[in-house]
Amino acid sequence: MAKTKVAVTIEAELVERVDALVRAHLFPSRSQVIEIALTEKIAGMERGRLARECAKLNAGEEQALADEGYSEDTGAWPAY
């Protein structure tokens, strides 16, 4: 995937914490630390959105839809 260079302003203490991770050889560079942190944060937010959307579903209605096809005789189903 193509990468784009961006400039950000962050607190000096946070830069030092990022640099400590790089010095400890946990990441190869500051960029890697920040890219992974952003990726994980955004993924977490997206999972939270999915959970909120799922909470809007009516469990009874969803179950009725899932069971709808089971009311027929399964012997009438075509062989695969």
Side-chain angles (χ1 to χ4, degrees):
M1 184 182 300
K3 300 213 177 201
T4 302
K5 184 176 275 198
V6 295
V8 297
T9 303
I10 57 177
E11 294 180 9
E13 180 184 331
L14 185 54
V15 173
E16 180 52 41
R17 292 170 63 190
V18 167
D19 287 345
L21 295 172
V22 175
R23 281 192 305 273
H25 303 289
L26 298 172
F27 297 93
S29 66
R30 284 178 176 171
S31 291
Q32 281 281 308
V33 175
I34 294 168
E35 183 176 9
I36 290 169
L38 281 172
T39 300
E40 289 179 0
K41 178 63 175 178
I42 291 169
M45 292 175 73
E46 290 170 345
R47 282 190 305 273
R49 179 173 177 245
L50 177 59
R52 286 189 303 277
E53 293 299 320
C54 287
K56 294 176 185 176
L57 297 174
N58 180 305
E61 289 177 10
E62 296 300 318
Q63 187 64 53
L65 286 171
D67 292 340
E68 193 171 276
Y70 290 120
S71 62
E72 296 178 22
D73 179 20
T74 57
W77 290 5
Y80 291 98

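Just so you know, residue 1 is the first one in the sequence shown, and it goes up from there. Bear in mind that the values here come from a model prediction, so they are computed numbers and not experimental data.
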At what distance, to the nearest 0.5 angstrom, does CD of Glu62 lie from CG of Asp67? 11.5 Å
If you measure from CD1 on Ile10 to CZ on Arg17, what distance do you get to the nearest 0.5 Å? 10.5 Å
Residues Glu53, Lys56: salt bridge by 4.0 Å N-O rule: yes
Whether over 12 other heavy atoms sit under 6.0 Å from Arg49 CZ: no
May I ask you to check whether over 12 heavy atoms, not counting those of Glu11, lie within 6.0 Å of atom CD? no
Can you give me the closest heavy-atom contact between Met45 and Arg52, atom names plus distance? O-NH2, 4.5 Å
Of all heavy-atom pairs linking Arg30 and Asp19, the shortest is NE-OD1, 2.6 Å
When hydrophobic residues are tied together by side-chain contacts of less than 4.5 Å, even through go-betweens, does Ile36 share a cluster with Val18? yes
Shared hydrophobic cluster, Val8 / Leu14 (ILVMFWY, side-chain heavy atoms < 4.5 Å): yes
